[in-house]
Amino acid sequence: MSLTREVARRRTFAIISHPDAGKTTLTEKLLLFAGAIQIAGSVKARKASRHASSDWMEIEKQRGISVASSVMQMEYRDCVINLLDTPGHQDFSEDTYRVLTAVDAALMVIDAANGVEPQTKRLLQVCRARNTPILTFINKLDREVREPLDLLSEIESHLGMDTVPFSWPVGMGRSFGGVFDIRQGRMRVFRAGQERRHDDEDEFIEGLDNPEIARRYGDAYAKAREEIELIQAASPEFDHEAFLGGKQTPVFFGSAINNFGVQEVLDALVDLAPHPGPRQAVQREVQPDEPRFSGVVFKVQANMDPAHRDRVAFVRVSSGRFERGMKLKIARNGKEMRPNNVVSFLSQRRELLDEAYAGDIIGIPNHGVLQLGDVLTEGEHLQFTGLPFFAPELFQAVEVKDPLRTKQLRIGLTQLGEEGAIQVFRPEAGGGALLLGAVGQLQFEVVAHRLKTEYGVEARLMPSRYNMARWFTAEDPKVLQKFMSSNAANIAYDVVDAPAFLASSPAQLRVAQELYPGIEFHAMREHG
Ligand code: GDP
């Protein structure tokens with residue numbers, strides 16, 4: 001198959017939601033409908049077995065949140081679909097932002113009882129900033145939920161984009177009859193289902209005017225019909241360009257747990273979501289079907305498999321064809337590597353991979369040579385933009401309980417820092433004690449757990465007087481030098497040795513800004 005054809009049949013998307021909206025359930029059902037798994041329950045089961053084998057996942061279990069993002073690949077209707085899971089909890093939003101840099105579209109899951117929740121809002125802002133096309137799935141119609149029209153206007157006001165319903169619910173909760181497919185002009189009748197799909201049992205009623213719907217669903221039908229007529233008159237037509245530009249979102253209603261509405265979403269991903277497009281590098285625009293391979297590390301995870309203490313770098317292929325055993329160059333330092341045991345994520349098993357194309361995610365086990373934001377090529381020097389690190393808002397000092405384990409503490413923190421699980425700062429003054437910076441409190445707990453279980457280090461975390469950090473740069477090296485020598489007590493270096501100014505209050509930062517107009521302070525750092 002030609003490179004262009006391979007690119008054209010790829011769909012790479014992230015699934016985003018506030019915790020508990022039904023992301024895990026929908027993910028599992030998408031795999032089920034794509035034929036990647038036979039019985040729903042395996043995604044959850046896999047979660048459970050990870051819990052059993054790794055202590056830090058205890059935190060996830062206890063709090064019912066998903067800490068680590070993962071990748072799943074499936075084939076459906078001659079398309080290769082790469083689905084990237086994201087952690088729902090806001091304390092891990094940095095990880096989610098980075099995952100969103102690796103996708104071409106997002107599927108947003110909304111709990112119909114709760115509408116647009118805080119975490120969804122934050123994620124949407126990132127999608128909006130990147131003009132990522134968004135498909136919307138409104139879940140849990142089998143419950144008594146909010147009015148569909150209200151949900152639509154809430155989404156519109158938060159997204160700042162038009163909603164275009166592709167389907168419409170007939171009733172909800174106990175009176176839920178099914179959803180009417182507005183485009184095809186037929187109603188799919190609801191049937192509670194669980195683990196398997198039952199193609200042969202699907203029941204449709206053709207036509208909005210069909211007396212059969214009126215007879216069976218009475219008031220719910222009358223209301224749905226009125227609403228459908230209203231939105232047909234008031235909503236804009238679906239415009240594919242507007243969707244691709246992040247200006248319209250197609251909306252689907254359903255109930256993931258009952259397998260209901262899942263088929264429609266899967267088909268929409270194939271039919272509407274874009275295939276991988278060009279990616280902007282500092283040097284030039286990279287086309288997905290160029291013959292030469294390039295890819296970016298957007299996530300690093302240490303010790304995924306406790307049996308092999310490896311680190312896996314997740315690489316999104318940007319162009320060309322990846323082949324196992326090919327020689328690759330790391331653009332950051334020119335080092336070469338020839339990865340042989342590269343893994344794909346087909347049907348969620350870590351399998352050895354032979355080839356991959358733009359849009360695919362490959363996992364490269366390594367011992368620390370690959371870092372977040374690294375670009376791999378066949379030799380060309382390329383730097384992609386846009387992998388964000390956010391200035392931490394919470395700080396804790398870290399000390400090891402047993403001084404003999406100091407070295408392990410350093411190793412653990414370096415690895416966890418490079419993975420992006422936490423930011424590690426080395427203060428210029430202060431006798432070598434390290435400072436941890438996080439965007440969310442839970443990150444500290446996860447790091448403390450992981451230091452203990454993966455590196456055998458009991459760390460003591462202590463309050464720090466800082467609560468703000470800003471990376472800084474200056475055009476004039478003399479100004480930079482003067483600023484740094486006068487503020488040595490407040491300067492620390494991060495994992496890539498970028499200097500940051502630490503402050504204990506916004507006022508302190510303001511004073512520094514006023515005193516040093518030649519210094520630029522940055523709340524975000526892009527890798528590179
Ligand atoms: P996540 O945190 O977004 O991954 O959410 P989960 O998929 O774990 O689902 C959260 C809860 O909602 C679980 O108890 C699910 O069983 C439940 N749930 C998911 N989909 C539906 C649905 O369509 N209807 C109902 N009633 N419950 C659902």
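Counting starts at 1 for both ligands and their atoms, in listed order.
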* Asp219 CG: over 12 foreign heavy atoms closer than 6.0 Å -> no
* Asked: Say you draw a straight line from CD of Gln248 to OG1 of Thr136; how long is it, rounded to the nearest 0.5 Å?
  -> 11.5 Å
* Asked: Taking the six-membered ring of Phe166, is NZ or CZ of Arg183 closer than 6.0 Å to its centre and within 45° of its axis?
  -> yes
* Using heavy atoms and a threshold below 4.0 Å, how should the contact between Lys140 and ligand 1 be classified: side chain, backbone, both, or neither? -> both
* Structure fact -> Note: ligand 1 atoms sitting under 4.0 Å from heavy atoms of Ser255 are 22 (C), 23 (O), 24 (N)
* **Which of the ligand 1 atoms, numbered from 1, are nearer than 4.0 Å to a heavy atom of Ala256** => 23 (O)
* Check whether any heavy atom of Asn139 sits under 4.0 Å from an atom of ligand 1. => yes
* Asked: Under 6.0 Å from the six-membered ring centre of Phe204 and within 45° of its axis: does the NZ or CZ of Arg186 meet both?
  -> yes
* N or O contact, Gly254 vs ligand 1, cut-off under 3.5 Å -> no
* Asked: What part of Asp20, side chain from CB on, backbone N/CA/C/O, both or neither, has a heavy atom under 4.0 Å from ligand 1?
  -> both
* Answer yes or no: is there a donor N or O on one side and an acceptor on the other, between the side chain of Asn366 and the main chain of Ile364, under 3.5 Å? => yes
* Closest to atom 3 (O) of ligand 1 (judged by heavy-atom distance), picking from Lys23, Lys29, His18 -> Lys23
* With ring centroids as reference points, do Phe33 and Tyr76 lie under 6.0 angstrom apart? -> no
* Asked: Short list, please: which atoms of ligand 1 are under 4.0 Å from a heavy atom of Ser17?
  -> 3 (O)
